[in-house]
Amino acid sequence: MKPIAVIPGDGIGVDVTRESMRVLKRVNEKFGSGLEFVDFDWGADKYLKEGVTLPGGALEMLQKDFSAILFGAIGDPRVPDNRHAADILLGMRFGLDLYANVRPVRLMHEKLCPLKNVRVDDVNFTVLRENTEGAYVNAGGVFKKGTADEIATQEEIHTRKGVERIIVYAFEHARANARTKVCMSDKSNVMRYAGDLWQRCFKEVSPRYPDVKTNHLYVDALTLLMVLKPASFEVIVTNNMFGDIVTDLAAALQGGLGMAASGNISPNGVSLFEPVHGSSPPIAGKNIANPMGSILTAAMMLDHLGLTEPARAIETAVAACVAADQTTVDIGGKLGTKEVADAILEQLG
Ligand code: NAD
Ligand code: IPM
Ligand code: MN
């Protein structure tokens, strides 16, 4: 049996996870995949009621008892400092050492791309985002808060081990997926210390993969070329913050945040799968959110578990619904969240 921890979280995380679970349960039956699901109610409601964010022992339990984690989204206006999100989502990314944030960027249909004259094959790359350090370590402080002399610092941490392992992961990912190019992106012209570490690691690791071509782009130029020449990319590797930003841009190339899937991977332990989008409070609970990002995320999780047949079946079903405009309004359709999942289930048979 393969136990899956299901954490819908907040806002539309709940709406889309409900639908991806219907799809997962269907393929689980149809393909005899042996998945078992256990729900966890971690999120803003629990935090506001009980003061609990990530319960004690949660990380150990996830690591020991589960084959994978399916996550929705987190963030709620009632928690303005985002404390619970930091504890729960970043808590799992850091605490489970999910160092490779894998964000595939694939266009399902030309009509979803906001760019002119772009074919489906022109948008097909993967961003590997470092997921355990950088600007996300919460290092810094504030002095003389609330006065005219206030000073705030926010530091980034880049470690030799952390940078090297995500770069190695990018090359391994390229090889495993018949990709021939890796682009490393940083801002080493300004961020001299961290940039230098990234540059040296990239130059040291590259020769171990003579079959893979390499190039470097400053992150500002990367965003330009992602729009002007998306077809020039196969694998992009970058730090935590830049990876966050460029993958929202990349989501736009695919049709928007509602279409983008991701995996937070620990090669030696349990991994977590989540759509790239957030909890979108304004449309939560209204049967509006696009569930396809979450459903494609579920397919990514199945692939990770070696369940390639149901993963391909889900992708084919989603693609058929996109082609037939059986979609939510964000990508041009007229259906609600639930009705899109109904259409995908019908495709699955
Ligand atoms: P968001 O991704 O929630 O929304 C950005 C825009 O995209 C909004 O216009 C929203 O309506 C739209 N959108 C996103 N997903 C959609 C979907 N599935 N279908 C249709 N439209 C969709 O980002 P935000 O508004 O910047 O953040 C809202 C909250 O989510 C914040 O608390 C933020 O911290 C959190 N957040 C969480 C995650 C996560 O859990 N991984 C990711 C991003 C943001
Ligand atoms: C993402 C989100 C998160 C991030 C937030 C919610 C902490 O934007 O997964 O892309 O910044 O990593
Ligand atoms: Mn983000």
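Counting starts at 1 for both ligands and their atoms, following the listed order.
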In the structure I gave you, are the side-chain heavy atoms of [X] and [Y] within less than 4.5 Å of one another anywhere?
X: Leu48; Y: Val79; answer: yes
X: Arg106; Y: Met259; answer: no
X: Asp97; Y: Arg165; answer: yes
X: Phe125; Y: Lys181; answer: no

Can you tell me how far [atom2] of [Y] sits from [atom1] of [X], rounded to the nearest 0.5 angstrom?
X: Gln254; Y: Arg103; atom1: CD; atom2: CZ; answer: 10.5 Å
X: Leu89; Y: Tyr136; atom1: CG; atom2: OH; answer: 9.5 Å
X: His304; Y: Phe273; atom1: NE2; atom2: CZ; answer: 4.5 Å
X: Lys203; Y: Trp198; atom1: NZ; atom2: CH2; answer: 14.0 Å

Suppose we measure from [atom] to each protein heavy atom; which comes out shortest, and what is that distance?
atom: atom 7 (C) of ligand 2; value: Leu90 CD2, 4.2 Å
atom: atom 22 (C) of ligand 1; value: Ile283 CD1, 4.3 Å
atom: atom 11 (O) of ligand 2; value: Tyr136 OH, 2.6 Å
atom: atom 6 (C) of ligand 1; value: Leu257 CD1, 4.2 Å
atom: atom 9 (O) of ligand 2; value: Arg93 NH2, 2.7 Å
atom: atom 32 (O) of ligand 1; value: Gly75 CA, 3.2 Å
atom: atom 29 (C) of ligand 1; value: Ser279 OG, 3.2 Å

For Arg93, which of Ile88, Asn131, Leu272 qualifies under side chain to side chain contact (heavy atoms under 4.5 Å, CB included)?
Asn131
Only one of His173, Arg175, Met184 passes side chain to side chain contact (heavy atoms under 4.5 Å, CB included) with Val235; say which it is.
His173
Looking only at heavy atoms, the pair that brings Leu217 and Cys183 closest together is CD1-SG, 3.9 Å
Checking contacts now, so for [atom], which I'm interested in, is there any protein heavy atom under 4.0 Å?
atom: atom 25 (O) of ligand 1; answer: no
atom: atom 9 (O) of ligand 1; answer: no
atom: atom 1 (C) of ligand 2; answer: yes
atom: atom 15 (N) of ligand 1; answer: yes

Heavy atoms only: which of Ile245, Ile88, Leu89, Asp244 lies closest to atom 6 (C) of ligand 2?
Leu89
Which is closest to atom 19 (N) of ligand 1 in terms of heavy atoms, Asn290, Val16, Asp15, Asn264?
Asn290
Residue [X] vicinity, atoms of ligand 1 by number, heavy atom under 4.0 Å:
X: Asn82; result: 34 (O)
X: Leu89; result: 39 (C), 40 (O), 41 (N)
X: Ala289; result: 19 (N)
X: Ile12; result: 15 (N), 16 (C), 17 (C), 18 (N)
X: Ile74; result: 30 (O), 35 (C), 36 (N), 37 (C), 39 (C), 40 (O)
X: Glu274; result: 41 (N)
X: Val276; result: 42 (C)
X: Gly258; result: 17 (C), 18 (N)

Assess His277 for proximity to ligand 2: is some non-hydrogen atom of it under 4.0 Å away?
no
Look at ligand 2 and say whether Met241 reaches it with a heavy atom at a distance under 4.0 Å.
no
How about CG on Asn287, more than 12 heavy atoms from neighbouring residues, nucleotides or ligands closer than 6.0 Å, or not?
yes
Arg192 atom CZ, over 12 foreign heavy atoms within 6.0 Å:
no
Take the angle between the ring planes of His84 and Tyr47 and call it parallel below 30°, perpendicular above 60°, tilted in between.
parallel
Kindly assign one of parallel, tilted or perpendicular to the pair Tyr209 and Phe171, based on the angle between their ring planes and the thresholds 30° and 60°.
parallel
Looking only at N, O or S atoms, find the one in Asp244 nearest to the Mn ion (ligand 3) and name it.
OD1
Quick one: are the ring centres of Phe37 and Phe66 less than 6.0 Å apart?
no
Distance flag, aromatic centroids of Phe202 and His216, threshold under 6.0 Å
no
Record the part of Thr328 in heavy-atom contact with ligand 1 below 4.0 Å; permitted values are side chain, backbone, both and neither.
neither
May I ask you to check whether Arg129 has an N/O atom sitting below 3.5 Å from an N/O atom of ligand 2?
yes
Heteroatom distance test (Ser280, ligand 1): nitrogen or oxygen, under 3.5 angstrom:
yes
Mind checking whether Gly278 has an N or O less than 3.5 Å away from an N or O of ligand 1?
yes
Does any N, O or S atom of Asp248, backbone or side chain, fall under 2.8 Å from the Mn ion (ligand 3)?
no
Below 4.0 angstrom from a heavy atom of Arg103, which ligand 2 atoms are there? Numbered from 1 as shown, please.
1 (C), 9 (O), 10 (O)
